[in-house]
Trainee: 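One structure follows; several queries about it will come next.
Lettering follows sequence order; numbering is per chain, from 1.
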Protein chains: 2
Amino acid sequence: MSTRRATISDVAREAGVSPSTASVVFSGKTKVSDATRRRVLDAASALGYTGPDPRAASLRRGRSGIVGVVFEEHLGTAFLDPVKTLMMDGLSDGVAPLGAGLLLLRDTEPDGGTSLTTAPLDAAVLVGCSGHLRRSLDAVKARGIPVVVIEGDAGDDVPRIGLDNREAQRQAASHLRALGHTRVAIVALPARAGWEGGWILDGTAITVDVTRERLAGALDVFPDAAAYAAAGSFIDEGLAAGRLIFADPAERPTAVIAQSDLLAAGVIRAAEEAGLRVPQDVSVTGFDGIVVDGLAPYELTTLVQPAADKGRAAGRAVTAMLDGDGAASISFTCDFREGNTTGPAPA
Amino acid sequence: MSTRRATISDVAREAGVSPSTASVVFSGKTKVSDATRRRVLDAASALGYTGPDPRAASLRRGRSGIVGVVFEEHLGTAFLDPVKTLMMDGLSDGVAPLGAGLLLLRDTEPDGGTSLTTAPLDAAVLVGCSGHLRRSLDAVKARGIPVVVIEGDAGDDVPRIGLDNREAQRQAASHLRALGHTRVAIVALPARAGWEGGWILDGTAITVDVTRERLAGALDVFPDAAAYAAAGSFIDEGLAAGRLIFADPAERPTAVIAQSDLLAAGVIRAAEEAGLRVPQDVSVTGFDGIVVDGLAPYELTTLVQPAADKGRAAGRAVTAMLDGDGAASISFTCDFREGNTTGPAPA
DNA sequence: TTGTATGCGTTATCAT
DNA sequence: ATGATAACGCATACAA
């Protein structure tokens, strides 16, 4: 048998037309008479030709139809976070008009592997650029391909998809204050990469933007609140933090502001463990507005962030940039949602 | 400024060497004297050349360095499952020797989007091919690129990464029988795509392989056990199923075999709700061996499946196929792990 | 160790 | 509606 795969020229020859005509049959860029289309298609199936080679097409077109998504963490870790997962969904939508697929990339690339510098990308989306993704950013900028950053700051020339973290968190805090709470504790996201969990003290440097901004929002309302930064956004981390916070009955806060819904879920569990009722004895707020699997019957009082919209916006931004239009930074707004985990401060 | 990006020829000219020499400096395929390498690198940075264009390189090489991963669900849904997430990690490892990245693809592609037929893939991995991914499979086979299937059956000519679902589940069931349990209920995974949850009756067609196999394993030991198939692998689904199962005190089983750890976690919660202690009043087994966030202090009695290994094996299989070697199907084995959620049947 | 020549498979442009 | 032509940017076989 023939050892070589058929090319579009083979098909054209078999069909008795020119290669360009055959090409057009597949791309649909120009009108073709039904008769010739038919002949070309028949020839193609006779030769087992399944369509243009994407590699050649992308060279010729200058587009690969691939958008890289860069995470700082290990893939498995990244997707443990429902917010990131939703964002991917939105991103997937956002690049749809481009007809692009998403290539998963990690910040730290194994040697010789496909990386930002060697992958055939049309554009890239960096997720959570808190100083860490700097190298990736440089690589991408050097290649001159469009980039946008979600949840992070990459300088003025890189469009940024953000969130009103500080204002939103302030809203939740104000809600608690209005309910009469004064003794409040904060359970924060990690202060920096590799953070193992611990209290945030005066000298603690917080390099994660999201953590810093949400903390600032809470402190705007409760300047004296103590904050414990967990090692990650997990229920079990919230549980651990909650145990610390509820350990001393004398110092017990009447409300806990958690920086994520998962942390909040853990805090609630810790409260139950300590024999505290939510919200009668202690109020808890979350952040994100995701569905926390297994949290029923509680409905968190939380800030609902438009995670999927953020992804979609990022997709649209790179699409616009590829079309030669500029893309501006966008800041999204959270929605305050009152659930049944907050109530009046106990007397 | 210059409107065109520099190519390797430009660099070569600038450096006073031939294009092939410049090429070799970047690919490292051949020895180059330090002096010329230096000159080429300098010329490159002077021209702002950041390395070979991946599109051109992949056309020339015949490899794109991209492996497609095809899911049947929406991306966000797929990654809600920790098992899939772990599998992705393993897959990412498995294709590392290939130096390949992972392109996320959905079975049902939006028109005109990057798809199995238009993406520059070297190989593809189909996840969960229960009849549904058939079309994707055909597309990939037509293109003649290597495919492997995880958790599913794609015919004899497609290597398959499997699991001893039936035997493993039988092990858990036997464990329960040895503990004296006789009244056992099963909480299964969905019976088919789009399943909304419901009891599995005699006539119920089960098209999801995993569900069918695990069910068979449980029925091998408890032929009369009733089985409720949930709408998905979520804690809340397990909770709903558990409520049904524990509703009638007279018919209450002393043990529940759940087909996933998340379902088991929900069942445990339902038991607590019903005032039943685990494992004193009711035993619960899971499947997967993942860490269920928020389940502490319970440790599930479960079957630990090597999720990451499955991914790794899939990666290795496509790597082997690309190297021209054949790849055989592999079946992995689960490890039975006894936790504190099973105990002797109540008297 | 370096240079020369060639083609990878396509599609955009322009002419017919 | 169809065809001729010319890149797209690179890596390799082979010669020097």
Trainee: A:Leu59 CG to D:dA11 C1': how many Å, rounded?
Mentor: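 In whole Å, D:dA11 C1' lies 13 Å from A:Leu59 CG.
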Trainee: Look at the side chain of B:Ser20 and the base of C:dT4, then say whether one donor and one acceptor between them are separated by less than 3.5 Å.
Mentor: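 Indeed there is one.
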Trainee: Scan A:Tyr49 against the nucleic acid and name what it touches under 4.0 Å (heavy atoms): base, sugar-phosphate only, or nothing.
Mentor: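 Since only primed, P, OP1 and OP2 atoms lie under 4.0 Å of A:Tyr49, the category is sugar-phosphate.
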Trainee: Using OP1 and OP2 only, check whether a side-chain N or O of B:Ser23 sits under 4.0 Å from D:dA11.
Mentor: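 Yes, B:Ser23 has a side-chain N/O under 4.0 Å of OP1/OP2 on D:dA11.
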Trainee: Can a donor-acceptor pair under 3.5 Å be found between the side-chain atoms of A:Arg60 and the base atoms of C:dT10?
Mentor: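 Counting by modelled atom types and ignoring angles, no donor-acceptor contact under 3.5 Å is found here.
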Trainee: Can a side chain N or O of B:Ser18 be found less than 4.0 Å away from OP1 or OP2 on C:dG3?
Mentor: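 The answer is yes; a side-chain N or O of B:Ser18 sits under 4.0 Å from OP1 or OP2.
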Trainee: Please give, in whole Å, the distance from D:dC14 P to B:Lys29 NZ?
Mentor: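 Taking atom P of D:dC14 as the reference, NZ of B:Lys29 is at 17 Å.
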Trainee: For the atom pair CD1 (A:Ile161) and CD1 (A:Ile330), what is the distance rounded to the nearest 0.5 Å?
Mentor: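 Taking CD1 in A:Ile161 and CD1 in A:Ile330, the distance rounds to 4.5 Å.
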Trainee: From CZ of B:Arg55 over to C1' of D:dG9, roughly how many Å is that when rounded to an integer?
Mentor: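 The answer, rounded to whole Å, is 10 Å.
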Trainee: In terms of side-chain heavy atoms of B:Val17, which of D:dA1, C:dG3, C:dT10 is nearest?
Mentor: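 Out of D:dA1, C:dG3, C:dT10, the nucleotide with an atom closest to B:Val17's side chain is C:dG3.
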Trainee: Tell me whether A:Asp156 at atom CG has more than 12 heavy atoms from other residues, nucleotides or ligands lying less than 6.0 Å away.
Mentor: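 No - once you tally the heavy atoms of other residues, nucleotides and ligands closer than 6.0 Å, there are 12 at most.
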Trainee: In terms of side-chain geometry, is the basic nitrogen of B:Arg13 or B:Asp10 positioned less than 4.0 Å from the acidic oxygen of its partner?
Mentor: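 B:Asp10 and B:Arg13: salt-bridged.
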Trainee: Rounded to whole angstroms, how far apart are CZ on A:Arg37 and P on D:dA1?
Mentor: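 Value for this atom pair: 10 Å.
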Trainee: Does the distance from a Lys or Arg side-chain N to an Asp or Glu carboxylate O, for B:Glu14 and B:Arg39, drop under 4.0 Å?
Mentor: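 No.
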Trainee: Roughly, in whole Å, what's the span from CG in B:Leu47 to P in D:dG9?
Mentor: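 The answer, rounded to whole Å, is 14 Å.
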Trainee: Just to be sure I understand the rule, does B:Thr7 reach a base, reach only the sugar-phosphate, or reach nothing, if contact means heavy atoms closer than 4.0 Å?
Mentor: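 The residue B:Thr7 makes sugar-phosphate contact but no base contact.
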Trainee: Could you check how far CD1 of B:Ile8 sits from P of C:dG3, rounded to whole Å?
Mentor: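 Roughly 13 Å, once rounded to whole Å.
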Trainee: Rounded to whole Å, how long is the line connecting atom CZ of B:Arg61 with atom P of D:dC10?
Mentor: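 After rounding, the reported distance stands at 12 Å.
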Trainee: Please tell me which of the listed nucleotides, D:dA11, D:dA1, C:dT11, lies nearest to the side chain of A:Ser33?
Mentor: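 When the side chain of A:Ser33 is considered, D:dA1 is the closest of D:dA11, D:dA1, C:dT11.
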Trainee: Which part of the nucleic acid, if any, lies within reach of B:Thr36 when heavy atoms closer than 4.0 Å are counted: base, sugar-phosphate only, or nothing?
Mentor: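 Result for B:Thr36 = sugar-phosphate.
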Trainee: Would you call B:Arg63 and B:Leu322 a side-chain contact if the rule is heavy atoms closer than 4.5 Å?
Mentor: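 Yes, their side chains come closer than 4.5 Å.
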Trainee: In whole angstrom, give the distance that lies between atom CG of A:Asp10 and atom C1' of C:dC8.
Mentor: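 For the pair A:Asp10 CG and C:dC8 C1', the rounded distance is 13 Å.
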Trainee: Can you figure out which of C:dT2, D:dA11, D:dG9 approaches the side chain of B:Ala56 most closely?
Mentor: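 Looking only at side-chain atoms, B:Ala56 lies closest to D:dG9.
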Trainee: According to a strict under-4.0 Å criterion, is B:Ser27 in side-chain N/O contact with OP1 or OP2 of D:dA11?
Mentor: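 So the side-chain polar atoms of B:Ser27 never come under 4.0 Å of the phosphate oxygens OP1 or OP2 of D:dA11.
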Trainee: Choosing from C:dG3, D:dT2, D:dG9, which nucleotide comes nearest the side chain of A:Thr30?
Mentor: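 The listed nucleotide nearest to A:Thr30's side chain is D:dT2.
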